[in-house]
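Let me begin by presenting the structure, written as structure tokens, before commenting on it.
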Number of protein chains: 2
Amino acid sequence: MTIRKDNHDLTKERILNEAEALFAQKGFGAVSVREITCAANCNLAAVNYHFRNKGNLYIEVFRVRWVPRAMRLQKHFRRSLAAQGPPSPTTVAQALAEAFLKGPLSDEERQRHFQLMTRELGQPTEAFEIVADEVMRPFFEELASMLRPAMPKGLRSEQVLLNILSIFSMVLYFNFARVAISRITGREYDAAFKNRLVKHIVEFSLKGLGGLEKEGLR
Amino acid sequence: MTIRKDNHDLTKERILNEAEALFAQKGFGAVSVREITCAANCNLAAVNYHFRNKGNLYIEVFRVRWVPRAMRLQKHFRRSLAAQGPPSPTTVAQALAEAFLKGPLSDEERQRHFQLMTRELGQPTEAFEIVADEVMRPFFEELASMLRPAMPKGLRSEQVLLNILSIFSMVLYFNFARVAISRITGREYDAAFKNRLVKHIVEFSLKGLGGLEKEGLR
DNA sequence: TTGACATTAAAACGTTCGTTTAATATAAAT
DNA sequence: ATTTATATTAAACGAACGTTTTAATGTCAA
């Protein structure tokens with residue numbers, strides 16, 4: 001009964017895509033509804049018809065685009081981690097850096113993803129509740145439980161969390177500050193440089209974590 | 001001859017202050033000129049009179065507020081470093097983390113500073129040229145020349161730079177994502193927590209840098 | 001073919017935007 | 001005292017904003 005035609009809400013999908021790209025690129029306040037509908041090749045009123053208003057479109061972008069992508073990233077991380085046997089700081093750091101810097105996403109998609117996240121980290125809106133509750137906190141706890149057994153003796157759980165946050169700060173930074181990093185290092189942000197960054201993050205993180213195993217280095 | 005009355009351009013100063021706070025808080029596109037002039041307690045036209053237009057006010061904020069503050073930070077770093085004898089990875093990391101997380105700035109000022117920087121890192125505008133050329137690149141080179149002699153044998157200069165960028169990613173992150181970090185860790189971002197973060201960054205960085213000295217730890 | 005419903009389209013709503021203009025105030029210079 | 005340069009003010013400009021309204025489509029079940 002509720003089965004509609006194939007391209008039932010193709011417009012809705014296009015709006016979500018373009019809205020996400022623009023929100024990531026320029027931030028919520030700097031993007032106009034007209035800009036979105038123009039990029040999505042649809043009528044101005046479509047945003048209000050499909051999403052009630054601009055603000056709700058923004059949080060919908062997180063709900064139906066950002067969170068599922070974050071889940072895909074986590075799944076990719078778990079798969080490539082499981083393929084390496086029981087988790088150690090080495091394998092965790094390796095799988096993390098690879099999933100978040102290379103991983104299953106296109107370069108554009110990854111940039112969008114971390115730009116949106118960085119914006120919410122800097123000035124949290126309603127969308128941050130979603131990011132924190134559905135993605136960050138559960139994943140960080142998962143990572144903590146993986147790393148804790150391999151960490152120096154009686155490490156406080158807060159310290160484990162800070163270590164994880166530090167790794168994430170690097171992942172985030174090397175993703176969202178591409179232009180700046182290219183400019184400062186003088187290197188183009190291409191596949192080769194990305195590999196270099198993964199290697200660096202893994203090494204730096206491993207040492208930072210205080211892991212004693214040396215096999216993953218160099 | 002050009003000596004005007006006391007409050008000659010007090011308005012100009014107030015506009016710069018409020019503009020910086022608002023640009024940092026919400027981003028260029030999401031701040032209106034009316035918002036700025038209202039906060040600065042002056043007439044709407046004052047922005048265009050003193051700064052030609054909104055865009056020029058933004059880059060002027062960087063020129064006469066952000067860069068000088070960055071210089072103050074660097075000076076503070078150099079002074080507290082010099083007080084500890086010849087620079088080693090330990091003393092450099094310690095002085096860096098302290099200067100950028102506690103340092104000479106008020107908490108508000110520091111948050112503003114890193115929010116503005118993060119915005120430019122994410123989507124560089126004309127202001128990023130200033131940030132990169134006048135602050136980042138020279139300072140990073142200074143740091144590199146300090147760290148290089150103490151680093152493992154034949155470390156490529158690119159690798160030294162990546163290490164420095166990693167430390168900065170943490171400093172940046174722990175400054176601009178305060179709300180998120182408080183929320184995730186469950187700790188209020190107060191003086192005690194800031195000290196905890198400084199300690200963590202120093203330890204993590206030191207190990208990440210591959211420094212062999214242990215005296216600075218714990 | 002018809003009636004109901006989902007979607008798109010065009011036009012207009014009132015508001016706010018950045019900027020400009022013209023008038024006014026102030027204090028130093030002549 | 002008058003001129004000149006600097007600074008502030010109130011008012012208005014057209015453009016763009018988010019949203020609503022109304023009409024025109026398209027698509028199924030009956």
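Residue numbers start from 1 in every chain, and the chains themselves are labelled A, B, ... in the order their sequence lines are given, proteins ahead of strands.
- At the phosphate of D:dA7, neither OP1 nor OP2 sits under 4.0 Å from any side-chain N or O atom of B:Thr11.
- Phosphate proximity of C:dT8 to A:His50: present, with a side-chain N or O under 4.0 Å from OP1 or OP2.
- In this structure, NZ of A:Lys12 is placed 11 Å from P of C:dT8, rounded to the nearest angstrom.
- Taking the salt bridge (Lys or Arg N to Asp or Glu O under 4.0 Å) definition, one finds that B:Asp190 meets it with nothing, sequence neighbours left out.
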Would B:Glu35 and B:Lys26 satisfy salt bridge (Lys or Arg N to Asp or Glu O under 4.0 Å), going step by step from the backbone distance to the final call?
CA-CA 11 Å; B:Glu35 214 173 341; B:Lys26 319 169 68 173; 2.4 Å; yes
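- One can place CG of A:Leu57 at 15 Å from P of D:dC17, the figure rounded to the nearest angstrom.
- The residue among A:Tyr49 and B:Cys42 whose nearest nucleotide of DNA chain D is located toward the 5' end is B:Cys42.
- Across the protein-nucleic acid pair, A:Phe51 atom CZ and D:dG18 atom C1' stand 16 Å apart, rounded to whole Å.
- Atom CD1 of A:Ile36 and atom P of D:dA16 are 17 Å apart (whole Å).
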*asked:* Please determine whether side-chain hydrogen bond (donor to acceptor under 3.5 Å, both in side chains) holds for the pair B:Lys102 and B:Asn195, giving the CA-CA distance in whole Å, both sets of side-chain angles, and the decisive distance to 0.1 Å.
replied: CA-CA 8 Å; B:Lys102 300 162 72 181; B:Asn195 286 328; 2.7 Å; yes
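- Remark: A:Ser80 pairs with A:Ala95 by the side-chain contact (heavy atoms from CB on, under 4.5 Å) rule, at least two apart or across chains.
- Judged by the 6.0 Å and 45° rule, A:Lys199 forms no cation-pi pair with A:Phe204.
- The nearest whole Å value for the distance from the CG atom in B:Leu10 to the C1' atom in C:dA27 is 16 Å.
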Under the criterion salt bridge (Lys or Arg N to Asp or Glu O under 4.0 Å), I'd like the reasoning laid out for A:Glu60 against A:Arg63: C-alpha separation, chi angles, the key distance, then a yes or no. CA-CA 5 Å; A:Glu60 213 60 18; A:Arg63 229 191 285 278; 3.7 Å; yes
Nucleotide by nucleotide, nucleotides 11-18 of chain C touches protein heavy atoms under 4.0 Å in the pattern (B base, S sugar-phosphate only, - none) -B----BB
